[in-house]
Protein chains: 2
Amino acid sequence: MSLRHALLGLLSDRRASGYDLLKTFETSLANVWPATQSQIYTELTKLAGSGLIAVAAEGPRGRKEYEITGEGMAELRHWLTEVTPQRTLRSDVLLRVFFLGVLTPEQAHAYLTDLMEMSRSGYEQLRQLHDSVDWDDGNLSVHGRIALEYGLRFNAMRREWAEWAAQQLTQPRGRQGW
Amino acid sequence: MSLRHALLGLLSDRRASGYDLLKTFETSLANVWPATQSQIYTELTKLAGSGLIAVAAEGPRGRKEYEITGEGMAELRHWLTEVTPQRTLRSDVLLRVFFLGVLTPEQAHAYLTDLMEMSRSGYEQLRQLHDSVDWDDGNLSVHGRIALEYGLRFNAMRREWAEWAAQQLTQPRGRQGW
DNA sequence: TCTCGACATGTCAACAGTGGAAGGTAGAGT
DNA sequence: ACTCTACCTTCCACTGTTGACATGTCGAGA
């Protein structure tokens, strides 16, 4: 249940409505913690209910601007420092690798080739995002840039790995002491 | 809903009971697609209900050995070749990076240091797993080894990135054209 | 004036995942 | 004979996630 913390984090930077937050998720946070509209609104209501955020202002079209409360900031800091992150990496992509044996060598190879392409295009997209974003020197900007760098390195790593893996499959078996 | 495909994949290699599969998940698949006991048994019942797997034999203690059916193999192949994998990387770890600004520089730095250590120990654990596993030349073995290599590279990448990120935070801002 | 796209929120059913409780059996070792 | 461990399955309540549906308003431009 990190969504609540994602919302707290965004609200710690500036006040925002559900709609604003939704947009932010779509653009910057989508790669790290995707969330749907319904989830965001539901969670905001819950957060407000437990006093971690509060409605700061109401605008046109029923717009409700939320702001983080002191209690919310405390919870956010607690999550950042005390709660040890759990690595629950569920990888659709990697899971398939285990079972490439049921395919023909050609098909297995094709899968890895697709992965290379996926990584390459993922890399490119992030690079474009990097170029298009207005990197002011705000906190979110600094750390967003660091997160983006992670994405770049991740894609580069995965591409190289897929190339290596494709080689492994084509090479004859036997002991080769890799 | 990749759990069903994980189960199909394992059953494509050999017949197994829920208990067997549970053990396999705990050891080899846990890093890629964790699953709990209740989830596995539930899914097996569903899979049997839709004819993708079937009970091949019943053993002592109510043991039911499942085997994959032709229909199940077709579904597995279909998933491997036709269904484009979706990258839903929800990363607890990376999400926090966005919000390191709410902490003191020392705390933020400490978080990255913890990440380095986490990556280092993750790397070590995988290396030990690599050394302890009996790598026969079965298909699962070959591909399991490839998946493991991914884990090694991933941890190495993350460690380097965390080191780089820590540097970014300590360095004075300003334009440096990275 | 009208219309359309962006703004804005809420709700619901269905499924996926977590954690734990409950209940029982076979077999190995004392 | 007894006990303990590993084996083995089922069920349930709760939370998280998805996708779709419902509902309406403001403001810019034809």
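Chain letters run A, B, ... following the sequence lines, proteins first, then strands; residues in each count from 1.
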Table of protein N/O atoms under 3.5 Å from nucleotides 15-18 of chain C N/O atoms:
residue	atom	partner	partner atom	Å
dG17(C)	OP2	Q39(B)	NE2	2.8
dG17(C)	O5'	Q39(B)	NE2	3.4
dG17(C)	O3'	R90(A)	NH2	3.4
dT18(C)	OP2	R90(A)	NH2	2.9

Using the rule that Ile, Leu, Val, Met, Phe, Trp and Tyr join whenever any side-chain heavy atoms are under 4.5 Å apart, tell me whether V32(A) and F154(B) fall into a single cluster.
yes
Classify the side-chain pair H5(A)/E75(A) by whether it contains a donor and acceptor separated by less than 3.5 Å.
yes
To the nearest angstrom, the CZ-C1' distance between R63(B) and dG24(C) comes to 16 Å
Between Q37(A) and R61(B), just flag the one whose closest nucleotide in DNA chain D comes earlier from the 5' side.
R61(B)
Value in whole Å for how far the P atom of dG19(C) lies from OH of Y41(B)
18 Å
Less than 4.5 Å apart, side chain to side chain, heavy atoms only: is that true for I40(A) and L7(A)?
yes
Nearest-nucleotide 5' precedence on DNA chain C, T42(A) against G62(B):
T42(A)
Tell me, do R158(A) and M118(A) make a side-chain contact under 4.5 Å, heavy atoms counted?
yes
Would you please confirm or rule out a distance under 4.0 Å between OP1 or OP2 of dG10(C) and any side-chain N or O of K64(A)?
yes
Apply the side-chain hydrogen bond (donor to acceptor under 3.5 Å, both in side chains) test between S17(B) and each candidate in R61(B), R63(B), K23(B), K64(B); give the one that qualifies.
R63(B)
In terms of ring plane angle, is the pair W79(B) and F99(A) parallel, tilted or perpendicular, where the classes change at 30° and 60°?
tilted
Send over the distance from I40(A) CD1 to dG10(C) P, rounded to a whole Å.
13 Å
Any carboxylate oxygen within less than 4.0 angstrom of a Lys/Arg side-chain nitrogen, looking at R159(B) and E163(B)?
yes
On DNA chain D, reading 5' to 3', which nucleotide is the first and which the last to sit with an atom under 4.0 Å from a heavy atom of chain B, could you check?
dA6(D) to dT18(D)
If only atom types and distance count, is the side chain of W164(A) paired as donor or acceptor with the main-chain N or O of Y150(B) below 3.5 Å?
no
note: E65(A), atom CD; dC7(C), atom C1'; distance rounded to Å ~ 13 Å
